[in-house]
Protein chains: 2
Amino acid sequence: MARNPRQNKGNRPRARGAAKPAAAKQAVRRIRADKESPYHHGALRDALLQAAEKLVERDGLPGLTLRAVAREAGVSHAAPTHHFGDLTGLVSELAAIGYRQFNKAMMAANVSGTVQEKGLASAKAYIAYAQANPGMYGLMFRTERLDMSRPSLHEAANAAFAGLARGVGASRHEHIEASALSLEQAGAIARAWSLLHGFAMLLLDGRMSHMLRRLPKGTTMDQLFEAMLKSPPPR
Amino acid sequence: MARNPRQNKGNRPRARGAAKPAAAKQAVRRIRADKESPYHHGALRDALLQAAEKLVERDGLPGLTLRAVAREAGVSHAAPTHHFGDLTGLVSELAAIGYRQFNKAMMAANVSGTVQEKGLASAKAYIAYAQANPGMYGLMFRTERLDMSRPSLHEAANAAFAGLARGVGASRHEHIEASALSLEQAGAIARAWSLLHGFAMLLLDGRMSHMLRRLPKGTTMDQLFEAMLKSPPPR
DNA sequence: TTTTTATCTTTACATCGTCAAGATATGATT
DNA sequence: AATCATATCTTGACGATGTAAAGATAAAAA
């Protein structure tokens, strides 16, 4: 895609069959010698993932490209391939990191208070994570670019689901084993998850602020969210 | 992106500065004369949108490219640009069509029965649309590729929101004017929308079938959905 | 010290979106 | 009816992207 308004240092490849540049090898050595390690980066994998997170939060999903990540990390455009195979690999590993961040944030919100207070705090933490990390949250639920068969992603996502199930179980004053659910339990989990995920997605897509404009002036997103949680089911 | 595993008829462009092919002009005329209209398609805009819908349902969002749409419609790769400006334009017009389809389906489900029955039928119709048109539904909520300032999209999306608000109002036995909401009303709308949108997205992303596997054997997605709707809020 | 392996670079290529310029048909004007 | 203007579509080009293949270099193993 040619819509990214960044970087354009005239890197047109040399014409086909042109002789290899004589001084290129030396130049590369000199340039890279200015940095820490000339060839072996040492911790490239992590550096690439960090760069990727930075990019997805700054430019959104369309800005997250293998080549942009490589540029950000200061390596050649094909370097990421060696560590992640392809774009799906990198995105999947990044999503795994996202799930771990998310799990951490949810755990931190679920420490003190009554069952009701913990539930509310967890719900707010869910939305807060999505709002603070819109790129990562979007990534985590874009299956088209995710390979759920990757163990790291699979595990992290499963842990997130188990945590959610546990939280819902606590609010129902029962212990939920995420591997075997009753229909009632699953309904409660699906309700909580759909409600939170739906609100988060609509929020990130700007649909909720559209709604906020129809509300009395000064109403905040937090108020709308709490009004939603308080709203009784139709009967 | 070069990840689309279709089409590869060696259309490498001619080398720079190569002479124009002598017989190309005539060949094009002959080929296109086999079809209805040689140059002016007549209804290319609609044909492109139809092709786009077909593609997005067949290959998902990544398969929806300007060039693929042009191929599908049998025109040159730059033809869509004239009608839609750019990819965002085409996607936005397609999303507008999606919202109109969606509105139609929701209206059809909201005709007979009690208020409760109409509400349930509408909820099921919401999910049914998403499930029957996953590509279109995904499109409609991918803001990154949508230009909401386009009148057709803006209007169709607003109509969808108004319909939803009306439905929620009916279930509360009150008339809702979508342009000015109370916090309570907005909470109820946000609740219904988040619940349905969240479930739809999780369903399309395969998360719900993951959950279904943890349920007693033979449990259907419909049962899970109804269990969710019946599930009481935590208190 | 030599060999092997892992890591990174270079080069190449098909695809994509988009722009610019050309070709052709349709409609309007005279 | 002939000419012109405009809308529609094609061709060609360019920079960007993902990815594969082959080369270069450093680290590890032998």
Side-chain angles (χ1 to χ4, degrees), chain A residues 1-21 24-25 27-29 31-32 37-45 47-48 62-71 73-91 145, chain B residues 1-21 24-29 31-33 37-45 47-48 62-71 73-91 145:
Chain A
M1 309 187 178
R3 182 175 345 94
N4 208 327
R6 277 161 284 107
Q7 315 246 13
N8 192 5
K9 318 180 183 175
N11 6 341
R12 268 196 58 205
R14 273 178 297 279
R16 315 279 163 82
K20 283 188 186 177
K25 201 188 302 183
V28 167
R29 279 194 64 76
I31 287 169
R32 303 204 51 79
S37 62
Y39 227 92
H40 276 40
H41 186 287
L44 220 203
R45 201 190 131 95
L48 290 170
L64 182 58
T65 71
L66 281 178
R67 291 172 106 107
V69 168
R71 277 193 299 266
V75 293
S76 81
H77 68 257
T81 297
H82 182 261
H83 291 276
F84 304 102
D86 55 8
L87 182 58
T88 298
L90 188 148
V91 170
R145 272 308 184 199
Chain B
M1 307 189 180
R3 179 175 348 93
N4 210 326
R6 276 163 284 106
Q7 316 247 11
N8 194 6
K9 320 181 183 176
N11 9 339
R12 265 192 64 203
R14 274 179 295 280
R16 314 280 162 80
K20 283 188 186 176
K25 200 188 300 183
Q26 300 237 348
V28 167
R29 278 193 65 75
I31 288 169
R32 304 202 53 77
S37 62
Y39 229 90
H40 276 42
H41 184 286
L44 182 60
R45 201 191 130 97
L48 290 170
L64 181 58
T65 71
L66 281 179
R67 292 172 106 109
V69 168
R71 274 194 300 267
V75 293
S76 79
H77 68 258
T81 299
H82 182 261
H83 290 277
F84 303 103
D86 56 8
L87 182 59
T88 299
L90 187 148
V91 171
R145 272 307 186 200

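So that the names make sense, note that chain A is the first sequence line, chain B the second, and so on, each numbered from 1.
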Peer 1: Quick check: on DNA chain C, is the nucleotide nearest B/T81 upstream (toward 5') of the one nearest A/A79, or the reverse? Name the residue that is more 5'.
Peer 2: A/A79
Peer 1: Hey, does the side chain of A/T65 come within less than 4.0 Å of D/dT17's phosphate (OP1/OP2), counting only N and O?
Peer 2: yes
Peer 1: Of the nucleotides D/dT8, C/dT9, C/dC19, which one has an atom closest to the side chain of B/A78?
Peer 2: C/dC19
Peer 1: Find which nucleotide of DNA chain D each of B/A43 and A/G85 is nearest to by heavy atoms, and output the residue with the more 5' nucleotide.
Peer 2: B/A43
Peer 1: Considering only heavy atoms and no angle criterion, is a donor-acceptor pair shorter than 3.5 Å present between the side chain of B/R67 and the base of C/dT18?
Peer 2: yes
Peer 1: Could you state the atom-to-atom distance from CG of A/D86 to C1' of D/dT19 in whole Å?
Peer 2: 9 Å
Peer 1: Rounded to the nearest 0.5 Å, how far apart are CZ of A/R45 and CG of A/L90?
Peer 2: 9.0 Å
Peer 1: Out of curiosity, A/S76 OG to A/R71 CZ, how far, rounded to the nearest 0.5 Å?
Peer 2: 12.0 Å
Peer 1: With the side chain of A/H83 defined as its heavy atoms from C-beta on, choose the nearest nucleotide among C/dT18, D/dC9, C/dT7.
Peer 2: C/dT7
Peer 1: In terms of side-chain heavy atoms of A/L87, which of C/dG17, D/dT19, C/dC8 is nearest?
Peer 2: D/dT19
Peer 1: Expressed in angstrom and rounded to an integer, what is the separation of A/L64 atom CG from D/dG18 atom C1'?
Peer 2: 13 Å
Peer 1: Please find the pair of heavy atoms, one from B/V91 and one from B/R145, that lie closest to each other, and give the distance.
Peer 2: CG1-O, 3.4 Å
Peer 1: Calculate the interatomic distance between A/H82 atom NE2 and D/dA26 atom P; express it in whole Å.
Peer 2: 16 Å
Peer 1: Closest approach of B/P80 and B/L48, non-hydrogen atoms and distance?
Peer 2: CA-CD1, 3.8 Å
Peer 1: Using only modelled atom types and a 3.5 angstrom limit, is any donor from either the side chain of A/H77 or the base of C/dT11 paired with an acceptor on the other?
Peer 2: yes
Peer 1: Nearest whole Å is fine: how far is D/dT19 C1' from A/R145 CZ?
Peer 2: 12 Å
Peer 1: Rounded to the Å, how far apart are B/R45 CZ and D/dA7 C1'?
Peer 2: 15 Å
Peer 1: Round to a whole Å and report the spacing from CG of A/L48 to C1' of D/dG18.
Peer 2: 15 Å
Peer 1: Does A/R71 put a side-chain nitrogen or oxygen below 4.0 Å from OP1 or OP2 of D/dT17?
Peer 2: yes
Peer 1: So how far is it from B/L66 CG to B/F84 CZ, rounded to the nearest 0.5 Å?
Peer 2: 9.5 Å
Peer 1: Roughly how many Å is it from CG in B/L90 to P in C/dT18, rounded to a whole number?
Peer 2: 10 Å
